[in-house]
Amino acid sequence: MTVSPASSPLYRDPAAPVSARVADLLARMTLREKAGQLNQRMYGWDAYRRRPDGEFELTEALYEETDRFEGLGALYGLLRADAWSGVDHSTGAGADAGPALAHLVQRHVLERSRLGIPALFVEEVPHGLMALDGTVLPVNLAVGATWNPDLYERAAAHAAAELRARGGHLALVSALDIARDPRWGRTEECFGEDPYLAARLTEALVRGMQGDAEETGRFASDKAPVVLKHFAGQGATVGGRNSAESELGPRELHEIHLPAARAGVRAGAAAVMAAYNEVDGIPCSANGPLLNGLLRDRWGFEGLVMADGLAVDRLARITGDKVSAGALALNSGIDLSLWDEGFTHLAEAVERGLVKESVLDAAVSRVLTLKFCLGLFEHPYTTAELPSAEDGRSLSTALARSAVTLLHDNAGVLPVDPARVTRIAVVGPHAATTAHQLGDYTAPQRPGTGTSVLAALNRLTRPGTEVRHARGCALTGDDLSGIPEAVATATASDLAILVLGGSSARTPDTEFDANGAARTIVSEMTCGEGVDLAGLRLGRAQHALLDAVTATGTPTVVVLIQGRPHAVPEAAEHAAALLTAWYPGPWGGEAIAEILLGHTAPTGRLPVSVPRSAAQLPVYYNHKDTEYGSYVDEDAEPLYSFGHGLTYTKFAYGTPKVIEGGAGCEVDITNTGDRTGRSVVQLYIRPLRTTVWPRTLELRAFESVDLAPGERRTVTFRLGVDQLAQVGGGLEWAVLPGSVEIRVAGSARGALDAVPVVLGHAG
């Protein structure tokens with residue numbers, strides 16, 4: 001039953017409890033209006049056009065959409081700019097115009113809504129706000145390489161402030177996917193292969209973007225609710241192919257693919273997005289046991305669940321039509337659709353008895369609750385100031401600097417000694433460009449934004465140092481014509497810096513699927529959504545360039561800029577030094593140059609294992625502790641292990657000691673070199689006697705320690721439930737009967753060789 005609006009309805013009272021305001025508003029809504037709140041139908045860039053005078057006007061498409069439901073529940077991508085949307089600086093809204101565009105659309109929505117319900121503006125914030133003039137951060141895989149949740153929390157807070165100041169509300173951020181097969185094009189969106197590392201970074205993301213919203217019940221004007229993507233198991237699709245099935249048993253799902261989501265929920269995440277994949281035959285958007293049973297009932301999650309783009313309509317493959325597909329998704333726990341037709345028929349689904357109105361009301365209540373907690377009924381238009389662009393650049397560069405990982409320096413050529421090196425050759429397809437440093441889901445950059453490796457070296461090297469450049473080859477293709485020039489440049493130099501890798505940069509020529517994934521790759525795109533690989537090799541020309549430059553005899557430092565761990569064993573064998581910077585963002589070239597020249601030391605650690613070839617896969621470190629046989633034609637061990645990373649000094653690890661009756665352990669770390677450096681101390685458990693078959697190693701704590709030459713420090717780790725619990729027979733996390741080894745080292749490989757301490761415990 002609906003109630004006629006009063007002159008001063010309760011839902012308009014900001015002093016009333018949110019639950020009471022939601023109940024009052026819900027009672028006044030028609031079935032049609034309720035259904036409208038659960039739809040996020042339009043692409044935001046179809047809602048407006050930019051006139052020749054620079055002003056914006058609304059489109060007929062937006063008028064039709066708001067008339068359909070007498071308002072608008074949510075609008076996706078109003079600020080989004082990229083090759084898929086076709087929005088660039090000539091057609092879209094930059095930092096100055098963004099708020100005015102958001103105001104224009106919101107004003108229209110409020111005029112069309114009988115009850116004055118504002119719209120949610122939902123934006124992609126994968127590594128910074130995906131909007132014109134938004135600060136671009138390094139991709140998640142680079143964030144994982146920092147092993148620095150505190151730094152990431154500050155960067156996430158900056159991204160949230162940009163989003164809100166531009167008029168956006170809800171941030172879509174990848175955090176839950178675990179990289180188990182690097183052939184997957186979206187590996188760059190993962191924090192790494194380990195659930196514990198991903199959980200700690202997910203917590204930092206939620207804290208940074210949302211602030212203390214859980215305590216106050218309101219989001220501050222510079223904070224944004226987060227939609228954590230993707231729930232669950234999307235990083236384990238068969239063959240590393242996007243949106244394929246995930247062949248996961250319940251225990252594997254709980255041990256590897258759910259801890260980050262559980263941590264995000266405990267941190268107060270406002271929303272999660274159901275993944276595209278299916279688990280054991282049930283698509284995530286139709287998985288009631290996952291969304292209702294686990295997420296809501298067992299974990300106590302009270303927030304919003306969003307479907308991924310067009311995922312609801314895909315369910316028509318098993319239901320027979322889109323009306324029943326929408327009903328299945330709603331009954332299974334989806335609250336908000338994304339571009340689907342199925343949710344537009346929810347009123348019909350209720351009338352046909354496919355969905356109870358109480359189920360519809362529960363979903364609408366969650367959408368309205370979020371709008372009230374954002375303060376949109378009192379303040380539908382943003383008044384917040386944009387955070388400093390310089391602060392954004394500083395944070396992005398700091399993340400990039402922390403992510404650069406030194407894999408080996410066998411010849412001791414780093415940092416560059418200016419007394420011995422006066423001629424530097426900077427070679428390779430990545431050397432002089434910033435376009436391929438950015439990763440997927442990145443808005444077009446204004447000319448001059450960012451710093452390439454070449455530009456940074458030219459600026460930072462000492463006067464008198466000659467920096468020479470030759471591109472050598474492109475990222476893809478077989479053109480070898482530029483290699484002779486590169487060889488000549490390297491031969492005439494004291495040191496060659498060879499910058500290789502991949503790219504997720506899309507162009508307007510890219511063909512896209514309906515959900516924005518790349519359908520056919522163009523130009524030099526080798527990674528990103530829809531760009532999955534069967535192999536992990538770089539392009540043929542890049543390998544030829546690597547062979548030719550290292551064969552000159554000039555010491556060669558190889559820098560890999562990439563969105564996945566490519567298999568380049570030749571670099572490990574022939575390069576004097578090898579680093580990976582992942583996709584470090586626009587100013588990544590500056591961070592790389594600073595480390596090469598010794599202005600700062602490398603502190604990155606691998607968030608994934610690096611394979612020798614795709615034939616080895618899988619190579620993640622935390623496999624089951626079985627008789628792990630080798631191949632006849634290939635070593636089974638990865639080229640570099642999870643957690644590995646060198647710096648310009650060395651550290652010695654003592655044997656851990658259990659303290660306080662088993663409540664903690666301590667270990668001494670000593671800087672045995674002659675430079676100040678940072679060690680990322682990693683604590684692993686290795687279950688011995690237990691009720692379930694164990695994994696070889698499991699990361700359960702880490703801490704960064706800065707030490708001067710010769711300095712020793714004792715690091716103390718708590719040994720609580722987070723460190724010792726395992727998934728029990730009922731798929732619950734608990735400290736199980738048995739005993740475990742505690743191993744402390746600088747990498748997973750190092751932990752296998754470390755002297756352990758055994759801790760026994762009772763369940």
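Just the heavy atoms: all of them, side chains too, but no hydrogens, waters or symmetry mates, feed the values below.
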Measuring only between side-chain heavy atoms, which start at C-beta, is [X] closer than 4.5 Å to [Y]?
X	Y	answer
L330	L38	yes
L368	I117	yes
L228	L205	yes
K34	L26	yes
L328	L354	no
P225	L374	yes
L101	Y48	yes
L338	L310	no

Check ion pair [X]-[Y] (N to O, under 4.0 angstrom):
X	Y	result
R114	E33	yes
K229	D177	no
R366	E302	no
R21	D13	no
R519	D513	yes
R166	E162	no

Is it true that a side-chain atom of [X] and a backbone atom of [Y] form a donor plus acceptor pair closer than 3.5 Å?
X	Y	answer
R164	K223	yes
R506	Y441	no
S85	D82	yes
Q445	A443	yes
E123	L170	no
N242	E529	no
S365	D361	yes
Q210	G268	yes
S246	L248	no
H127	D440	yes

Side chain to side chain donor-acceptor pair (under 3.5 Å) pairs, two or more places apart, involving residues 87-102: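 Listed by first then second residue: D88-S90, D88-T91.
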
Could you list all the side chain to side chain donor-acceptor pair (under 3.5 Å) pairs where at least one residue sits in residues 320-332, not counting sequence neighbours?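 Listed by first then second residue: T319-S324, D321-S324.
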
Sequence neighbours left out, what pairs pass salt bridge (charged side-chain N to carboxylate O under 4.0 Å, His left out) with at least one residue falling in residues 36-50?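 Listed once each, the pairs are R41-E65, R41-E341, R49-E57.
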
Salt bridge (charged side-chain N to carboxylate O under 4.0 Å, His left out) pairs, two or more places apart, involving residues 276-299: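 Pairs touching residues 276-299 that pass the test: R296-D335.
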
Gap between atom [atom2] of [Y] and atom [atom1] of [X] - 0.5 Å precision:
X	Y	atom1	atom2	result
L75	N39	CG	CG	12.0 Å
R180	T187	CZ	OG1	12.0 Å
W184	C527	CH2	SG	10.5 Å
M42	L78	CE	CG	9.5 Å
F219	M209	CZ	CE	10.5 Å
C284	Q234	SG	CD	8.0 Å

Which heavy-atom pair separates [X] from [Y] by the least distance, and what is that distance?
X	Y	answer
Y63	T66	O-OG1, 3.1 Å
A269	V206	N-CG1, 3.8 Å
T382	P99	CG2-CB, 4.0 Å
V312	G342	CG1-CA, 4.5 Å
N140	S174	ND2-O, 2.6 Å
V87	A81	O-CB, 3.5 Å

Plane angle bin for F121 and H169 - parallel if under 30°, tilted between 30 and 60°, otherwise perpendicular: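 The arrangement is parallel - the two ring planes meet at less than 30°.
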
Candidate pair E70 and R32, rule salt bridge (Lys or Arg N to Asp or Glu O under 4.0 Å), full reasoning: CA-CA 8 Å; E70 296 185 272; R32 176 186 177 194; 3.6 Å; yes

For R186 and E189, what are the C-alpha separation, side-chain angles and deciding distance, and is it a side chain to side chain contact (heavy atoms under 4.5 Å, CB included)? CA-CA 5 Å; R186 301 187 78 170; E189 298 181 44; 2.7 Å; yes

Ring pair (Phe, Tyr, Trp, His ring centres under 6.0 Å) pairs, two or more places apart, involving residues 306-334: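 For residues 306-334, and leaving out neighbouring residues, there are no ring pair (Phe, Tyr, Trp, His ring centres under 6.0 Å) pairs at all.
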
Near-ring test Y152/F191, centroid separation under 6.0 angstrom: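 F191 vs Y152: aromatic centres under 6.0 Å.
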
Please step through side chain to side chain contact (heavy atoms under 4.5 Å, CB included) for the pair Y76 and E124, ending with a clear verdict. CA-CA 9 Å; Y76 171 89; E124 298 283 2; 2.6 Å; yes

Chi angles and distances behind the side-chain hydrogen bond (donor to acceptor under 3.5 Å, both in side chains) call for N515, Y276: CA-CA 11 Å; N515 67 347; Y276 278 127; 3.0 Å; yes

Between L336 and L304, is a side chain to side chain contact (heavy atoms under 4.5 Å, CB included) present by the stated rule, with each step listed? CA-CA 8 Å; L336 187 64; L304 197 70; 4.1 Å; yes

With side-chain hydrogen bond (donor to acceptor under 3.5 Å, both in side chains) as the test, would you mind laying out the steps for E188 and S504 before giving the verdict? CA-CA 9 Å; E188 65 187 82; S504 297; 2.5 Å; yes

Is it possible for you to check whether R80 lies under 6.0 Å from the centre of the six-membered ring of Y43, through NZ or CZ, and within 45° of that ring's axis?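 No - R80 does not lie over the ring of Y43 by the 6.0 Å and 45° rule.
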
Is the count of non-hydrogen atoms from other residues, nucleotides or ligands lying under 6.0 Å from R317 atom CZ greater than 12?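 Result for CZ/R317: open.
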
When you look at V279 and N277, which way does the side chain to side chain contact (heavy atoms under 4.5 Å, CB included) test go after all the steps? CA-CA 7 Å; V279 178; N277 58 285; 3.6 Å; yes

Among all residues two or more places apart in sequence or in another chain, which pass the side-chain hydrogen bond (donor to acceptor under 3.5 Å, both in side chains) test with H257?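 In terms of side-chain hydrogen bond (donor to acceptor under 3.5 Å, both in side chains), with neighbours along the sequence ignored, H257 is linked to no residue.
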
